[in-house]
J.: 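Before we start, here is the structure in question, set down as structure tokens.
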Amino acid sequence: MSSYVVKKTPGDTAWFRHDRFGMFIHFGLYSLPARWEWMQSYEFTKKEDYQKYFDNFNPDLFDAKEWARQAKAAGMKYAVLTTKHHEGFCLFDSKYTDFKSTNTPFGRDIVREFVDAFRAEGIRIGLYYSLLDWNHDDYPIDRVHPRRTDEDAEQQDKGRDMTKYAQYMRDQVTELLTNYGKIDILWLDFSYTRPDFEKKFHKPWMQFDGLRGKEQWESDKLIALIRSLQPNIIINNRADVKQDLWTPEQFQPTEWVHDSDDNELVPWEACHTFSGSWGYFRDEMTWKSDKMLIDMLVNTVALGGNLIMNVGPTGRGYFDYRAENALKAYADWMKYNSRSIYGCTMAEPEFKAPEGTKITQSEDGKRLYIHLQTYPFGKIAMDGLHGKVAYAQFLHDASVIEFKESYTVMDNGVNKEMTDKTFFSLPTVAPKMISPVIEVFLK
Ligand code: GLC
């Protein structure tokens, strides 16, 4: 058994830590301007100018079954959909707003179709819900609000009642957690008590009345409500209250994420995009290579974490060809190598990854996976394995990999025996596989 002790949290993270790999989906009105889901904020877009995206929202090629099929093929075991992003537009038929997909020309409850289709494929269901809301009249003009630079911004902010908005969030979260069956993850985003931001802007984020943080979101109340409706659900930490999930965003940790208060290892999930933006961004040129995508998944699991990779569907509701290609890269790799991901975690400390490799180990401790991210010539030597290897093979084709516990090298004309490592012999020609994996059966 793995010797790493993971922090006990209120929700059930056992399935999550086993499954390791999920799909994020950012879909909303911002898919139409197609230049980042924050576009409304970056461009200070007025409500009346944003309205055209609502009036023209009609993703006629949306097919939740097709999304689910691609997620499953890519090896993703759970999926998280933006039910409402910062723009405030709801993909579900909420009683509490008119700003929802059922009121657009499209007229459908997208959350419902997502939940049904993904569940049918055996994929666990996660819902993203934004704490920020640039459409709600009681949401304050904070430091990222599209109206923040208006001359009369302070005036506009007057009378906005955050307690009403907090109630609105609870009402909508209640809808989401009662009308769609069992929900496995609620992904809140995000409360901004962030010292780094405050330093940068010299002011709390809710600029005019100085409000900030979990008190205003009434996070404790929100979380208590969520737990009462779905007790075992996984909740992330972005409501400013520590729950089940730490979520490093768009960067790769270099060690197992830990709770800075007590240093315990925590359940964590790196969230990443294929190209930089979360919402569909037509002209973005920074798409990651297939190899980078695969290596990011491996690097994450090698540090005991999960990876959630994002797709931003187009305004017509399908995954564009670049996203499809990226998912295909995962599908091709996971078909043969998923055993080194599911049920795997950081390898025991006695096993040191040889240069150019990453290692993962099954939770039961029985198998070790050496991911050859840089393919070496001839052989690879590893510490800590002496007397422990029963058998080794390439994972993708089960072709045997011979190994020795000593190795003789010719050093300056003198034979030198090396006995401190385990040596795996490799074919000179690398298998046609991104970062091929050696599967080591431990005694
Ligand atoms: C953020 C962004 C956002 C994105 C999210 C995903 O904090 O505001 O647009 O949805 O992270 O992690």
Side-chain angles (χ1 to χ4, degrees), residues 16 21-45 50 53 76 78-91 110-111 114 126-136 139-140 142-146 148 169 176 185-198 200-201 205-206 212-214 217 219 234-241 243-253 257 267-281 284 286 288 296 300 305-313 323:
F16 179 82
F21 190 30
M23 174 183 275
F24 221 154
I25 305 172
H26 276 64
F27 192 38
L29 299 184
Y30 46 76
S31 308
L32 274 64
R35 48 182 193 271
W36 207 289
E37 74 287 351
W38 275 73
M39 157 273 170
Q40 190 185 356
S41 167
Y42 294 160
E43 299 179 19
F44 315 101
T45 313
Y50 206 66
Y53 303 123
M76 292 155 158
Y78 59 96
V80 179
L81 171 70
T82 52
T83 62
K84 180 193 88 166
H85 203 264
H86 308 338
E87 64 180 1
F89 177 68
C90 296
L91 297 187
I110 292 169
V111 172
F114 160 78
L127 303 179
Y128 167 110
Y129 185 84
S130 172
L131 306 184
L132 278 61
D133 194 317
W134 300 328
N135 182 67
H136 198 285
Y139 184 81
D142 65 14
R143 301 195 73 81
V144 290
H145 195 285
R148 65 193 175 282
M169 291 199 293
L176 290 169
I185 301 170
L186 191 68
W187 223 97
L188 299 167
D189 191 34
F190 59 86
S191 167
Y192 40 64
T193 312
R194 285 186 47 179
D196 53 333
F197 285 176
E198 287 181 16
K200 191 162 149 200
F201 294 107
W205 262 34
M206 285 189 191
R212 63 193 178 98
K214 66 179 179 192
W217 312 108
S219 294
I234 292 175
I235 309 174
N236 67 357
N237 288 353
R238 293 195 180 191
D240 229 357
V241 180
Q243 287 291 300
D244 306 302
L245 199 54
W246 279 247
T247 59
E249 176 177 333
Q250 303 242 36
F251 79 93
Q252 280 296 113
V257 177
W268 65 276
E269 178 190 61
C271 47
H272 281 284
T273 61
F274 290 145
S275 63
S277 166
W278 299 89
Y280 176 62
F281 195 145
E284 202 164 45
T286 46
K288 296 176 177 74
M296 285 170 78
T300 302
N306 280 43
L307 176 69
I308 185 164
M309 261 292 169
N310 179 72
V311 185

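All ligand and atom numbering here is 1-based and tracks the order in the structure.
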J.: Tell me every residue that passes side chain to side chain contact (heavy atoms under 4.5 Å, CB included) with Ser275, counting only those two or more places apart in sequence or in another chain.
T.: Glu284, Trp287
J.: Heavy atoms only, cut-off 4.0 Å: how does Arg238 contact ligand 1, side chain, backbone, both, or neither?
T.: side chain
J.: Working to the nearest 0.5 Å, report the span between OG1 of Thr83 and CG of Leu186.
T.: 7.5 Å
J.: Pairing donors with acceptors under 3.5 angstrom, does anything connect the side chains of His272 and Gln252?
T.: yes
J.: Among all protein heavy atoms, pick the one closest to atom 2 (C) of ligand 1 and tell me residue, atom and distance.
T.: Trp38 NE1, 3.5 Å
J.: Pairs of nitrogen or oxygen atoms closer than 3.5 Å, one from Glu249 and one from ligand 1: do any exist?
T.: yes
J.: Atom 8 (O) of ligand 1: which protein heavy atom is closest, and how many Å away?
T.: His86 NE2, 2.7 Å
J.: With atoms numbered from 1 as shown, which atoms in ligand 1 lie under 4.0 angstrom from a non-hydrogen atom of Tyr128?
T.: 10 (O)
J.: Check ligand 1 against Cys271 and write out every atom of the ligand that is under 4.0 Å from a heavy-atom position of the residue.
T.: 12 (O)
J.: Applying a 4.0 Å heavy-atom criterion (strictly less than), which segment of Asn310 is in contact with ligand 1: side chain, backbone, both, or neither?
T.: neither
J.: Record the part of Trp187 in heavy-atom contact with ligand 1 below 4.0 Å; permitted values are side chain, backbone, both and neither.
T.: side chain
J.: Assert yes or no for the condition that the ring centre distance of Phe190 to Trp217 is strictly below 6.0 Å.
T.: no
J.: Starting from atom 5 (C) of ligand 1, locate the nearest protein heavy atom and write down its residue, its atom name and how far away it is, to 0.1 Å.
T.: Asp189 OD2, 3.3 Å
J.: For His85, take its heavy atoms, then give the atoms of ligand 1 lying under 4.0 Å from any of them.
T.: 3 (C), 4 (C), 9 (O), 10 (O)
J.: Determine, using heavy atoms of Gln250 and all atoms of ligand 1, whether some pair is separated by less than 4.0 Å.
T.: no
J.: So, applying ring-ring contact (aromatic ring centres under 6.0 Å, His included) with Trp38, which one of Trp278, Trp134, Tyr30 is it?
T.: Trp134
J.: Would a distance-only check, ignoring hydrogens and angles, find a side-chain to backbone donor-acceptor pair under 3.5 Å from Asp244 to Ile235?
T.: yes
J.: Students should be able to answer this: which protein heavy-atom is nearest to atom 9 (O) of ligand 1, and at what distance?
T.: Glu37 OE2, 2.5 Å
J.: Between CD of Gln40 and CZ of Arg35, what distance do you get to the nearest 0.5 Å?
T.: 11.0 Å
J.: Quick one: nearest non-hydrogen protein atom to atom 10 (O) of ligand 1, plus distance?
T.: His26 NE2, 2.5 Å
J.: Do Thr82 and His26 have side-chain atoms, one donor and one acceptor, less than 3.5 Å apart?
T.: no
